[in-house]
Amino acid sequence: MSASRRNFLTYSSLAVLGAALDAALDAQAPPQNQQQATPGAPTAFGTSPAVGPEVSPATFAEAEKLVQFQMTPAERAQAASNWRMQMAPNYELRAGPRKLELEASLQPATLWNPVIPQVGPLQEGDGAFMRSESAARPLPTSEDETAFAPVTQLSRWIESRTITSERLTEIYLHRLERFDPTLHCVITLTRDHALEQARNADKEIAVGNYRGPLHGIPWGAKDLLDTAGIPTTYGAEPYRNRLPKDDSAVVARLNAAGAVLVAKLSLGALALNDIWFGGQTMNPWLLEEGSSGSSAGPGSATAAGLVGFAIGSETGGSIVSPSMRCGVTGLRPTYGRVARTGAMTLCWSLDKLGPMARSVEDTILVLNAISGPDPGDLASVPSKLTFNAAASVKGLRVGYFPGWMKESPATDVDRASLETVKKVGMELVEVSIPDWPYDSLNLMLFAEAAAAFDELVLSHKLHELKAQVPDAWPNVFRQSRFLSAVDFVQTDRFRRKVAQEMARLMAQVDLLLVPSLRDEMLVITNNTGHPSLTLRAGFVEVSEARSDWAPDPKHPLPKFNPSRRVPHGITLIGRLFEEGTLAQAGMALEAAFNVAGEHPSGF
């Protein structure tokens, strides 16, 4: 057997060593003189040297159960006869003697572009951005009330020097230290760094160098955004000592806007749900349940008044879900608007970074600061952001799905919001979509996520993660090894078909109103890249704690008698790159709902 083939067996995770196998491989491999083609003859599939472990028809019979594809006995025998010459060499990149390590910053060659021909060309350039002109209210006498103020108010107080950034930062740092033992929302408190930034902000503002509405505002970062010299752990044990050298693009832009980083906030390990190596992040409104995830810390800390605003991320619901459960406002931008350079990759074609805050206008102020392309993110694009806080929403067409509003997860709060839409002057339009298998799009997420963390899988470090249940990443990543490449391509084609359907739908309306946790819309819009805005619309009663995790009979969720009152949010879906319209509609509804100002008790 050749040295290269022997090395391949050594490196392959499926290799079976021994003299008997060596002999079998040499017997099965074509003689060396047959490998040398007649001059001018092209190469052919299935003529490579045999590599990898032996397979048999029985191997394929068992594998068929995983991919739900059945062959005849003769087809299995034929497939087994040359698998090691035709297909096994494709694994050399990972398991052969010339295996190649792909650096974490390397992005796939294929990029998702949400702007399909049916949508039309992307609007680029500078948009008109007009924030609200309301004057600042008097500064509360209570520091707790000050902490719960939205950025729109905090910024007016800082601009007018009614309060200094240093004082405001001290308030938030104290609250983070006081309440984190209960909420478990902080991974790294950045006290010294924050106070230095706050003092610099005060000095600049004192001499008239005011950078804008985020200048001097304390904020928290989901701990998947790189921060130079400050740990970025991904909430996962294998990375808890990771120390980046550079700031991520979003952190750099918030630094440029003068914002003050007070904490790196928790996320479910590797951006799934709400359990990380420090425990489970809890919901300030209902301490017996997790805050939802994966933007668990941003949702919890923002709701509890521990930061002015936070940056979360979403791949499949990670801004929407914690925003709804914790009663905050979450803006998931259009895919490509905010550069992800220096942010943990879970899924190249789905990941998005966005603000979580206590008012709708807060989120658009933050989005304005962090928007824009960066060379490190090949999917990021220049785009126009047009917003006018005083614009009328009268006549905007709001699509809704009548059937969805009559069944779970919709509640009376969701149904009442339809009347509020009409009350503020917008028009309701009934819409529908085909009954397609939208959940099959999750194959994109599973395959890309498993590829992003392939080294953890191959090095067997997944067992270090705290959550080791069937629906956690360790099991999903290992299962994803058995997904079909053909099905991945077919799913990618289906994704474009879904995008075409969404283009048809959004041509009828200006935005959609949907139950926040309606699974079809979460999957669809995360795959098509449409922006969403989740905001508190009222309150509901729950008799049992909620969880992101699959039910576990051994650990039942806490039950409540009497029921507990918790916030409930609706979600608006906007057209691609029209977050300004989304925010204008959201502000009108927020004012009509009149429930955003209530805080969780005890904080």
Looking at V431, D510, L512, which one forms a side chain to side chain contact (heavy atoms under 4.5 Å, CB included) with R397?
-> D510
Are the side chain of R161 and the backbone N or O of I205 linked by a donor-acceptor pair below 3.5 Å?
-> no
How about I275 and W549: do any of their side-chain heavy atoms sit closer than 4.5 Å?
-> yes
Drop me the distance from E448's CD to T315's OG1, to the nearest 0.5 angstrom.
-> 9.5 Å
Here the gap from W276 atom CH2 to S294 atom OG, rounded to the nearest 0.5 Å, amounts to 14.0 Å
Backbone N/O of G297 and side chain of S300: donor-acceptor pair under 3.5 Å | no
How about S313 and S318: does a side-chain donor come under 3.5 Å of a side-chain acceptor?
-> no
Considering only NZ, NE, NH1 and NH2 on the basic side and carboxylate oxygens on the acidic side, decide whether K222 and E314 come within less than 4.0 Å.
-> no
Could you tell me whether E579 and R337 have a side-chain N and a carboxylate O separated by less than 4.0 Å?
-> yes
Of all heavy-atom pairs linking L168 and P218, the shortest is CD2-CD, 3.6 Å
D274 side chain vs Q280 backbone, donor-acceptor pair below 3.5 Å = no
Answer yes if the side chains of N283 and S291 hold a donor-acceptor pair under 3.5 Å, and no otherwise.
-> no
Taking C-beta and beyond as the side chain, do L173 and L195 meet within less than 4.5 Å on heavy atoms?
-> yes
Hey, could you give me the CZ/CG distance between F401 and L513, rounded to the nearest 0.5 Å?
-> 10.5 Å
Side-chain donor/acceptor of D548 to backbone N/O of G293, under 3.5 Å = yes
Would you call D414-R518 a salt bridge at under 4.0 Å N-O?
-> no
Side chain to side chain, V307 and V262, heavy atoms closer than 4.5 Å | yes
Is a side-chain donor-acceptor pair under 3.5 Å present for T411 with H568?
-> yes
If you take all heavy atoms of A271 and M344, which pair is closest and at what distance?
-> CB-CE, 3.7 Å
Donor-acceptor pair, N273 side chain versus G268 backbone, under 3.5 Å?
-> no
Donor + acceptor pair across side chains of S563, S543 (<3.5 Å) = no
Is the shortest heavy-atom distance from the side chain of H215 to the side chain of E159 under 4.5 Å?
-> no
Candidate pair F539 and W285, rule ring pair (Phe, Tyr, Trp, His ring centres under 6.0 Å), full reasoning | CA-CA 11 Å; F539 292 85; W285 290 91; 5.7 Å; yes
Between N526 and L522, what is the shortest heavy-atom contact and its length?
-> ND2-O, 2.9 Å
R564 pairs by salt bridge (Lys or Arg N to Asp or Glu O under 4.0 Å) with which of E288, E289, E544?
-> E288
Compare all side-chain heavy atoms of P600 with those of F148 and state whether any distance is below 4.5 angstrom.
-> yes
Tell me yes or no: between the side chains of T227 and K264, is some donor less than 3.5 Å from an acceptor?
-> yes
Once you round to the nearest 0.5 Å, how far does OG1 of T363 lie from CE of M587?
-> 9.5 Å
Verify side-chain contact (heavy atoms from CB on, under 4.5 Å) between V566 and R325, making sure each step is shown before the conclusion.
-> CA-CA 8 Å; V566 293; R325 188 177 300 176; over 6 Å; no
Backbone of L176 reached by a side-chain donor or acceptor of D180 within 3.5 Å | no
Begin from the C-alpha positions of T571 and L533 and carry the test side-chain contact (heavy atoms from CB on, under 4.5 Å) through to its verdict.
-> CA-CA 5 Å; T571 292; L533 177 71; over 6 Å; no
Give the minimum heavy-atom separation between S417 and F593, together with the two atoms involved.
-> CB-CZ, 3.8 Å
Which heavy-atom pair separates W219 from I311 by the least distance, and what is that distance?
-> CZ3-CG1, 3.6 Å
Note: K394-E427 ion pair, threshold 4.0 Å (strictly below) = no
Between T232 (side chain) and L225 (backbone), is there a donor-acceptor pair under 3.5 Å?
-> yes
To the nearest 0.5 Å, tell me how far L261 CG sits from T188 OG1.
-> 9.5 Å
Side chains of S321 and S292: donor-acceptor distance under 3.5 Å anywhere?
-> yes
CA sep, side-chain torsions, deciding dist, call: V186, S266, side-chain contact (heavy atoms from CB on, under 4.5 Å) | CA-CA 6 Å; V186 178; S266 64; over 6 Å; no
Could you tell me whether the side chain of T329 reaches within less than 4.5 Å of the side chain of T534, counting heavy atoms only?
-> no
In terms of side-chain heavy atoms, does E590 have a donor or acceptor partner in S359 at a distance below 3.5 Å?
-> no
Would a distance-only check, ignoring hydrogens and angles, find a side-chain to backbone donor-acceptor pair under 3.5 Å from N368 to I364?
-> no
Pair N255, Q197: side-chain N/O donor-acceptor within cut-off below 3.5 Å = yes
Does a side chain donor of either E361 or S132 reach within less than 3.5 Å of an acceptor in the other side chain?
-> yes
Ion pair check, R175 and E170, cut-off under 4.0 Å | no
Using a 4.5 Å cut-off on heavy atoms from C-beta on, say whether the side chain of L272 contacts that of V476.
-> no
Hey, can you tell me if F603 and F179 have their rings parallel, tilted or perpendicular (30° and 60° cut-offs)?
-> tilted
Check: R536 side chain, V595 main-chain N or O, donor-acceptor pair, under 3.5 Å | yes
Does the pair T302 and C326 meet the rule for a side-chain contact (heavy atoms from CB on, under 4.5 Å), with working shown?
-> CA-CA 8 Å; T302 302; C326 296; over 6 Å; no
K422 bridged to E419 by N-O distance under 4.0 Å | yes
So, does Q153 use its side chain to make a donor-acceptor pair with the main chain of R137 at under 3.5 Å?
-> yes
When the ring planes of W473 and F446 are compared, do they come out parallel, tilted or perpendicular, using 30° and 60° as the limits?
-> perpendicular
To the nearest 0.5 Å, what is the distance between CZ (R253) and CG (L214)?
-> 13.5 Å
How far apart are the closest heavy atoms of Y210 and S155, and which atoms are they?
-> OH-O, 3.6 Å
Can a donor-acceptor pair be found between the side chains of R340 and S248 at a distance below 3.5 Å?
-> no
Heavy-atom check, side chain of T182 versus side chain of L287, under 4.5 Å = yes
